Amino acid sequence: MIRYPRRTVLRAGAALVGASAFGFPAIVRAQTERIRIGHLTPLTGFLGVIGSYAQLGVKLAAEEINASGGILGKQVDLLSEDSINPATAATKAQRMLEQDGAVVLLGEISSASSLTIMQVAERNKKVFFSTGARSDALRGKNCNKYSFHCDIPNTVMVNAVGTALSQKGMVRGKKFFTLTADYIFGHDLLKAAKAFFGTHDANLIGDELIATDATDFSPYLLKVRQAKPDVVCCNLAGNQVTNLVKQYAEFGLPYPLVGFNLNTGDAWAAGAGNLSGTWPTVWYHTLANPASQAFVAAFSKKYGKPPENHAWIDYITLKLLAEAINTTKSTDSNELITYFEKQSQFDIMKARKAYFRAWDHQLVQEAYPFTVKPKDQMKDQWDMLVLGDAVPVANDPLETIYPTREQNPCEMKA
């Protein structure tokens, strides 16, 4: 126990009395006039590049919401921090709810960190919007009542790319070799890929699990050369994708490299001429949608570069949250959950509106495959990708590319 001199204690007590009389009511009043929202995203480590875009996107959304009158007439007080790793993410999430007065949490890209924040949200009975984590397990066996999932899950990414590859004759009867991130996201993505291969008569002839801190991929690429597959599939994440595609180009392997996961920030970082093949995305800044183009213009004007897909998804998540709070006239988690479970539709700057499924809290929306422009056709460093047609096609229900109730083991507790 630390002891202080009696005179020091008396001075501190007098200061507290003065604060109670004059300062604290003003502080409390200032806090109640704002709506605090906790935002966590990786700003360091292998996901740091795309996490920085997420932070820029959510900050722009908060500024626009405040400029238009706030939420329920109150200004948004955005608390945005680096989640760093799963343990730190959980600690910061708890502090934001318990000490900082956040009424809701949103953000994250790492599936491992998102899982720990989900657990904090459930314990505290506060809503959490997982904006960038893609593991099927989060909205499957690990689902809970207080967590909502905004990005497309692994199964959708596999279906988007797999459909595009099938149309090119690159799946049935072909030999695949996969390179997979060795954590919950990668394991989950590999599971989805194996399911797709199994139902489309493709053969998985090799897989390598790769630690998230690995930077030299030459040992794995030598195994690829020995295996002689028809197609090599990347199941990595973050800047590991960037490093892999650069080294793959240097190796000069003749097998096409495709991927079941890619974020556009990592594609840009790979540099012109290094990336090729077919990959999935949830959004891209060239999408021909008026609202989407208005967002791109505002983001580009403010930050001097176009938004990456995580900037978009954190931006639209805060916007739809603001819409929900204004509609329900409440920040109470149970009221928000009830509202979202009615499958209210939201404009997310795509051709079709999106909604959260009531039974697994997945945001159901379109996805896209994309291919890579030749270097000599790029207008600038960001003009790299060409969006394919949205999946599912216009006349098919959105849910046709998502895991069904039979495929998804989510059992949400009341």
Side-chain angles (χ1 to χ4, degrees), residues 93 104-160 162 184-196 199 260-261 280 282-283 313-314 316-317 320-321 323-324 328 333-346 348 350 352-367 391-392 396-414:
V104 65
L105 298 172
L106 65 89
E108 199 44 64
I109 299 173
S110 162
S111 292
S113 293
S114 191
L115 178 58
T116 64
I117 299 172
M118 286 172 60
Q119 293 164 348
V120 170
E122 185 177 32
R123 286 198 306 270
N124 289 271
K125 295 182 168 52
K126 293 291 186 181
V127 171
F128 166 52
F129 289 88
S130 175
T131 55
R134 292 173 170 171
S135 171
D136 284 336
L138 299 183
R139 56 273 273 169
K141 66 179 181 179
N142 298 123
C143 71
N144 71 52
K145 172 183 175 180
Y146 295 92
S147 299
F148 291 79
H149 307 278
C150 305
D151 206 344
I152 50 177
N154 284 341
T155 291
V156 171
M157 294 195 298
V158 170
N159 287 341
I184 181 174
F185 163 79
H187 300 168
D188 197 84
L189 186 57
L190 179 60
K191 180 180 177 182
K194 286 180 176 178
F196 182 86
T199 56
F260 287 141
N261 175 62
V282 66
W283 178 87
I313 204 161
D314 283 50
I316 62 106
T317 299
L320 68 83
L321 174 61
E323 181 180 338
T328 61
S333 287
N334 287 320
E335 291 195 33
L336 291 173
I337 291 168
T338 298
Y339 175 75
F340 288 117
E341 287 185 345
K342 290 178 181 177
Q343 298 194 172
S344 303
Q345 296 201 346
F346 300 94
I348 61 168
K350 294 184 177 183
R352 299 163 76 172
K353 290 187 175 182
Y355 60 90
F356 287 101
R357 288 199 297 200
W359 59 273
D360 67 350
H361 291 179
Q362 170 63 48
L363 185 66
V364 179
Q365 59 180 302
E366 296 167 300
V391 291
D396 287 348
L398 286 173
E399 295 196 29
T400 57
I401 59 172
Y402 287 81
T404 64
R405 280 183 178 268
E406 291 72 28
Q407 296 168 332
N408 184 349
C410 174
E411 294 183 5
M412 207 167 291
K413 299 176 183 177

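These numbers were taken from a predicted model, which means no experiment stands behind them.
- Although no hydrogens or angles enter the test, the distance criterion places a donor-acceptor pair under 3.5 Å between the side chain of Q362 and the main chain of D151.
- Formation of a donor-acceptor pair under 3.5 Å by the D136 side chain with backbone atoms of D188 is not found in this model.
- The CD1 atom of I313 lies 7.5 Å from the CD1 atom of I348; values are rounded to the nearest 0.5 Å.
- A 4.5 Å side-chain heavy-atom check between N159 and V391 finds every atom pair outside the cut-off.
- Under the side chain to side chain donor-acceptor pair (under 3.5 Å) rule, S130 has a single partner from S113, S147, S114, which is S114.
- For the pair I184/H187, no side-chain contact is recorded, criterion being any heavy-atom separation below 4.5 Å from C-beta on.
- In this structure, CZ on R134 lies 9.5 Å from CG on L189, to the nearest 0.5 angstrom.
- Distance CD/E323 to OG1/T328: 10.5 Å, rounded to 0.5 Å.
- Residue F340 is tested with Y146, F346, Y355 for a ring-ring contact (aromatic ring centres under 6.0 Å, His included); the sole match is F346.
- The distance from the CG atom of D360 to the CE atom of M412 is 6.5 Å, given to the nearest 0.5 Å.
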- [ ] Could you go through the side chain to side chain contact (heavy atoms under 4.5 Å, CB included) check for I337 and K145 one step at a time?
- [x] CA-CA 8 Å; I337 291 168; K145 172 183 175 180; 3.9 Å; yes

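- Contact check on R357 versus E399 returns a salt bridge, with a Lys/Arg side-chain nitrogen under 4.0 Å from an Asp/Glu carboxylate oxygen.
- No donor-acceptor distance shorter than 3.5 angstrom exists from the side chain of K350 to the backbone of Q365, with no hydrogens or angles considered.
- Pairing each heavy atom of D314 with each of G107, the nearest pair is OD2-CA, 4.0 Å.
- Side-chain N or O atoms of Q407 include one that pairs as donor or acceptor with a backbone N or O of T404 at under 3.5 Å.
- For the pair A193 and F260, the tightest heavy-atom approach, listed with the atom from each and the gap, is CB-CE1, 3.6 Å.
- Between the side chain of E108 and the backbone N or O of L115, no donor-acceptor pair lies under 3.5 Å.
- Annotation: side chain of I152 is in contact with side chain of Y402 (closest heavy-atom distance under 4.5 Å).
- Around atom NZ of K191, no more than 12 heavy atoms belonging to other residues, nucleotides or ligands sit under 6.0 Å away.
- Using a 4.5 Å cut-off on side-chain heavy atoms (C-beta onward), E341 and H361 make contact.
- S333 contributes a side-chain N or O that, together with a main-chain N or O of V127, makes up a donor-acceptor pair within less than 3.5 Å.
- The side-chain heavy atoms of I316 and W283, taken from C-beta on, include no pair separated by under 4.5 Å.
- Contact check for F356 versus S344: no side-chain heavy atoms found under the 4.5 Å cut-off.
- Atom CD of E411 is surrounded by 12 or fewer heavy atoms from other residues, nucleotides or ligands within 6.0 Å.
- Here CG of L138 is found 9.0 Å from CG of N154. Values are rounded to the nearest 0.5 Å.
- With N408 contributing its side chain and R139 its backbone, the two residues share a donor-acceptor pair below 3.5 Å.
- Of the inter-residue distances, the one linking L336 atom CG with L321 atom CG reads 6.5 Å to the nearest 0.5 angstrom.
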